[in-house]
Asker: 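Would you mind keeping the following structure in view while I ask a few things?
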Number of protein chains: 4
Amino acid sequence: MSIRVGIVGISGFGGGEALRLIAGHPSFELVYAAGEGSAGSRLAERFPGVPARLADVVIERWDPASLPPLDVLFASLPTGTSAEALARVPPEVKIVDIGGDHRYVDGWAYGLADIWPDRIAGRTRVANPGCFPAATLTALAPLLADGLIEPGNIVIDAKTGISGAGRGGADSRFGYAESNENLVPYGLLRHVHMPEIAETIERLSVGSAAGLVFTPHLVPMTRGLLVTVYARGRATTDRCLDAARRFYAARPFVRVTDRPPQTKWATGSNLAFVSYAADPERNLVIAMGVVDNLGKGAAGQAVQNANLICGLPETAGLDGAPVWP
Amino acid sequence: MSIRVGIVGISGFGGGEALRLIAGHPSFELVYAAGEGSAGSRLAERFPGVPARLADVVIERWDPASLPPLDVLFASLPTGTSAEALARVPPEVKIVDIGGDHRYVDGWAYGLADIWPDRIAGRTRVANPGCFPAATLTALAPLLADGLIEPGNIVIDAKTGISGAGRGGADSRFGYAESNENLVPYGLLRHVHMPEIAETIERLSVGSAAGLVFTPHLVPMTRGLLVTVYARGRATTDRCLDAARRFYAARPFVRVTDRPPQTKWATGSNLAFVSYAADPERNLVIAMGVVDNLGKGAAGQAVQNANLICGLPETAGLDGAPVWP
Amino acid sequence: MSIRVGIVGISGFGGGEALRLIAGHPSFELVYAAGEGSAGSRLAERFPGVPARLADVVIERWDPASLPPLDVLFASLPTGTSAEALARVPPEVKIVDIGGDHRYVDGWAYGLADIWPDRIAGRTRVANPGCFPAATLTALAPLLADGLIEPGNIVIDAKTGISGAGRGGADSRFGYAESNENLVPYGLLRHVHMPEIAETIERLSVGSAAGLVFTPHLVPMTRGLLVTVYARGRATTDRCLDAARRFYAARPFVRVTDRPPQTKWATGSNLAFVSYAADPERNLVIAMGVVDNLGKGAAGQAVQNANLICGLPETAGLDGAPVWP
Amino acid sequence: MSIRVGIVGISGFGGGEALRLIAGHPSFELVYAAGEGSAGSRLAERFPGVPARLADVVIERWDPASLPPLDVLFASLPTGTSAEALARVPPEVKIVDIGGDHRYVDGWAYGLADIWPDRIAGRTRVANPGCFPAATLTALAPLLADGLIEPGNIVIDAKTGISGAGRGGADSRFGYAESNENLVPYGLLRHVHMPEIAETIERLSVGSAAGLVFTPHLVPMTRGLLVTVYARGRATTDRCLDAARRFYAARPFVRVTDRPPQTKWATGSNLAFVSYAADPERNLVIAMGVVDNLGKGAAGQAVQNANLICGLPETAGLDGAPVWP
């Protein structure tokens, strides 16, 4: 039995990646697509490689009052717009919000699927974590759970491919010639992901996440996200790796490696890679987390959450190996 | 019932892409992997994102006398080495050779699957076309079949991402700093793909392919291949597009577009995109063909050929949408 | 004695490259900069690495009625806008137009400096060639001059880095994620550079340039331009190389190589590289030309032309070696 | 009067960049070039864009017993090899070692030219700082000098383009397809640059550099280096910026910006950009430093040091603006 699925925000990179995953999903059937910049176009005009059976789906202008019958709606809208956009969606339609407006909002589950699948299963409203939080929390959760690091004074130095900055609109900051061969720090000291990361750290451990530092950087590549996290703790590298292997032993998407993870290991997949390098004498634990920012950082995680709330196998439609090289 | 599959040459990019596709194939089961540079390693050491069930497969040193029971063997070996390597494979093992040594060799079907599926179905030895021929012949076949262009004096200006040059070995020509931000013509006037292209042109039409010109270029990107083909003919653009739409109407992997095709439309998939721009007054037809050089240019086409020779649905394991952006 | 120089269109890539070259020029002094998108900013805000002595130059809004005293004005404006913008510049101000509006217009010298320096010296209005014509004509001129190729039915397959497409404005076609790892043909059959190329071919030879074909492609790199030109002729490779070496023996910026030229050989410089591969039996000559599209394809050539019209050594300010890797 | 200059290690990227800068230097004349991989070639074969007057210089095999008369030798050799290679260079030949073997070795000045020019002027043996130390120490020096940060427990998260990893030799780790679109942490906890950074921090301040953490990452671009440094201190952002402006007021190559620096601002130049973002309430100062890893990270700094030890203007041959975009 097909689950009827819709995507709003299909013009953006997150929406496009959701389309790719839904198109290959054994149980989901795309019956609705909406987007601002592309309303009126056929899917094949925007996505020339879309499977033939979806080629003639017409992209609608978003109107929550005029939705067709839907089981699940994926929303990938610019920050600040999804609260309003989704408020009038009928309650019987399940929603996975890839955007940031509903994280830790009452009534919405926080969709950190690899860590809290039980809090997501059976829910009807899921807020997908941000891309940086996805990578960071996946790397830190085992250490916090085992008390191997302090929750406070964590420094996150984050790096993302430029699709993580969004499709923008008219934004020459992300023009090719401006961005290519260039590394750029941004959002220092006050990035929008910080409260979400701090909140989750505190829920994963005992103590305060005060002193959290988060510095993102744009990297000249399309996809890929790595966080290098500096935390205080007197664990050894092996102890951290062991904690992570136990923590994720039954979780299908998290790989623990003893080598530093490379972003391209995850590209095109819903995998996360974590690793650790610790120096107990210096009270230092370095945790590294890698995801595809459009995969587990956005649409991959969203599909995983949709599988959970629909009672499907968690890996449905998500078992494609990464695309390498 | 699982079809037992092996890959020899798994260290190369073609072998690695074959692994990805086979891992996601509903009927194939990988039971054997061999490679020179990686013999002794586990698959997960070479391919950290490989599905968990294949993680502990050990890469063997190639020895055709010691193969496990296999139904299909994919060979992705350096040019000049597969004739010898495959000569001693037992005849009951079907072989798809991604390398170039068996193209138009007696006893081997030429695996141009989108054009000659009937010549491949039921065979036991298939020579996969080269990447440039795959794109070129896919673009030209409808025009040759309809007599819209002359088979002679065709000029092919070809462009490929650098994974098309192979994993080499110790080759600083393809070192990152040397290759990045650089466009390089190579193999002028005598590229190894020319005989294959000329032979196929003649089989697809009436007349001689004399005067064929083929100039490849390395492009600073990982995947992607485009050929811009200049041919003589007095057809209109619409007539060419129409011929291609009819020619490929029943073929699942070829998309005909009226816009010039972009290489990224095919990335990560087994799709080919073709388009045309003609000027009858100047006796000029420009044909464009795009593939992912590791997809339809290599491993994707190989899996499609394996589906054909195994009597499986042609699209089995190959219906993943392209990865974009 | 300093020559007082101005740049209009300083927000664009051509204008920015002109700024870099002028800043390092022994005789030019920048006294005026104007641009639309950046009017009111200081140069250092737009170009953080600009030499300190120019940091506080304020970018003006263009007004030909309010120019300070200037000796030479460089114009790098979008196609279609420079005719109007420059019409009211006082006649005593020499102009080099990097844009396309004045090529082969009465009263303007066509600034193909490596080939016709004598037609440029002493003039007051120079139209800089387009980037593709610069590379193409540099490669073809020796062959046309020696009658080694026919001027008709020349096929030019051109490739450019994305800075060649201009800084656009709000144009997501050139957004990083859309353009990266992507090769795109465009402007088929009717690109704006064709008349200029055809006109110049006819001036360099005897006969008609009828049948000219020109196909540009966008390449995922910032700078760099290569043309692969297919012409009819019964010359040998060596004869072509010899003709080029003689033709350019006294010209400082054109390098003749027997290897196919790579775009990165020219990056950051005003050099052009040309090479040839011919097959007399097939009546085929392949000519290759490489420039930095912002160098000899735009600002480098403009400065060379300015040197010529000001009676300065041609290489003044242009002898920097290419930046490699 | 020309200063006779030689380069040993010309096949590497540092040596090649030294060649470019020396070729454009008003006082240096290249009279000797040596390299392992390219011995016997002419410079123009290795560097097609080299100025014509240097084209026929033959690259020699390194033999310190057979040097021509030289005033200054630039050495850019793999780590571990320059101590031996340079030990037998006659004492009257001044040496600037771009490699790491002589940093903080007796008899060699540490060439941190923007900070300690007086310790370099008049010396005959200079050890060029490493690329990461160059960026890090330039950013930190003003803060250490003013006591705005503690010298201990500094965390340096470093990012470099791939030319920073060296030309290697046969190293597929840096093959294009492996490295492109990929971000990779390496050298965790024990990178070779750490002692040099710690030593210099202690010389620039009062106190111990204990607890230094340094994590480099390879970024998919050719050139460019950024360090994001997390230090303890109760300064405000403005106080840090002010300290840096005063510290570098008379130094020609360091630019202090209030925006986060982008690596491309420095590409092709000897500039360094520094900026700061501080949160006194959290006892946190973030310092950012950007250089071109081949510029101020290697050959640019080497030429600056050579200017100092030869008594030339410090900016001689180094005033070229960055190449942008």
Side-chain angles (χ1 to χ4, degrees), chain A residues 12-13 16-17 19-24 26 43-55 161-163 167 180-181 220-223 251-259 261-262 264-273 275 290 292 294-295 315 317-325, chain B residues 12-13 16-17 19-24 26 43-55 161-163 167 180-181 220-223 251-259 261-262 264-273 275 290 292 294-295 315 317-325:
Chain A
F13 298 138
E17 182 73 346
L19 170 64
R20 178 177 81 88
L21 296 174
I22 288 163
L43 272 186
E45 292 173 46
R46 302 289 302 188
F47 303 97
V50 76
R53 73 182 192 282
L54 296 175
I162 291 174
S163 65
R167 201 152 188 193
N180 189 36
E181 299 289 294
M221 56 193 191
T222 304
R223 296 180 176 227
R251 307 303 292 123
F253 293 113
V254 185
R255 303 281 172 94
V256 182
T257 74
D258 43 29
R259 293 184 282 161
Q262 308 186 6
K264 202 144 79 158
W265 290 352
T267 295
S269 78
N270 190 43
L271 295 176
F273 289 87
S275 189
V290 150
D292 178 334
L294 295 182
T315 58
L318 292 172
D319 42 24
V323 177
W324 193 94
Chain B
F13 297 138
E17 183 73 347
L19 170 64
R20 178 176 81 88
L21 296 174
I22 288 163
L43 273 186
E45 292 172 48
R46 302 290 302 188
F47 302 97
V50 76
R53 72 183 192 282
L54 296 175
I162 291 174
S163 65
R167 201 152 189 194
N180 189 36
E181 297 291 293
M221 56 194 191
T222 303
R223 296 179 176 229
R251 307 303 292 125
F253 292 114
V254 185
R255 304 281 171 95
V256 182
T257 74
D258 43 28
R259 293 184 282 160
Q262 308 185 7
K264 202 144 78 159
W265 290 352
T267 296
S269 78
N270 190 43
L271 295 176
F273 289 87
S275 189
V290 150
D292 178 334
L294 295 182
T315 59
L318 292 172
D319 42 23
V323 177
W324 192 94

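Keep in mind it's a predicted model, so treat the numbers as computed, not measured. Per chain, numbering begins at 1; letters A, B, ... match sequence-line order.
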Asker: When you measure from the side chain of Arg20(A) to the backbone of Gly320(B), do you find a donor-acceptor pair of N or O atoms at a distance under 3.5 Å?
Answerer: no

Asker: Write down the atom of Ser163(B), the atom of Pro325(A), and the distance for their closest heavy-atom approach.
Answerer: CB-CG, 4.2 Å

Asker: Which atoms of Gln262(A) come close to chain B, meaning under 4.5 Å heavy atom to heavy atom: side chain ones, backbone ones, both, or neither?
Answerer: neither

Asker: For chain A, which of Pro48(B), Ala266(B), Gly16(B), Gly24(B) has the most heavy-atom pairs under 4.5 Å?
Answerer: Pro48(B)

Asker: Which one of Asp319(B), Asn180(B), Leu294(B) has the most heavy-atom pairs closer than 4.5 Å to chain A?
Answerer: Asn180(B)

Asker: Pro51(A) and Ala321(B): which non-hydrogen atoms are nearest, and at how many Å?
Answerer: CD-CB, 4.2 Å

Asker: Looking at Glu17(B), Arg259(B), Glu181(B), which one has more heavy-atom pairs under 4.5 Å with chain A than the rest?
Answerer: Glu181(B)

Asker: Could you tell me the separation between the NZ atom of Lys264(A) and the OG1 atom of Thr222(B), rounded to the nearest 0.5 Å?
Answerer: 4.5 Å

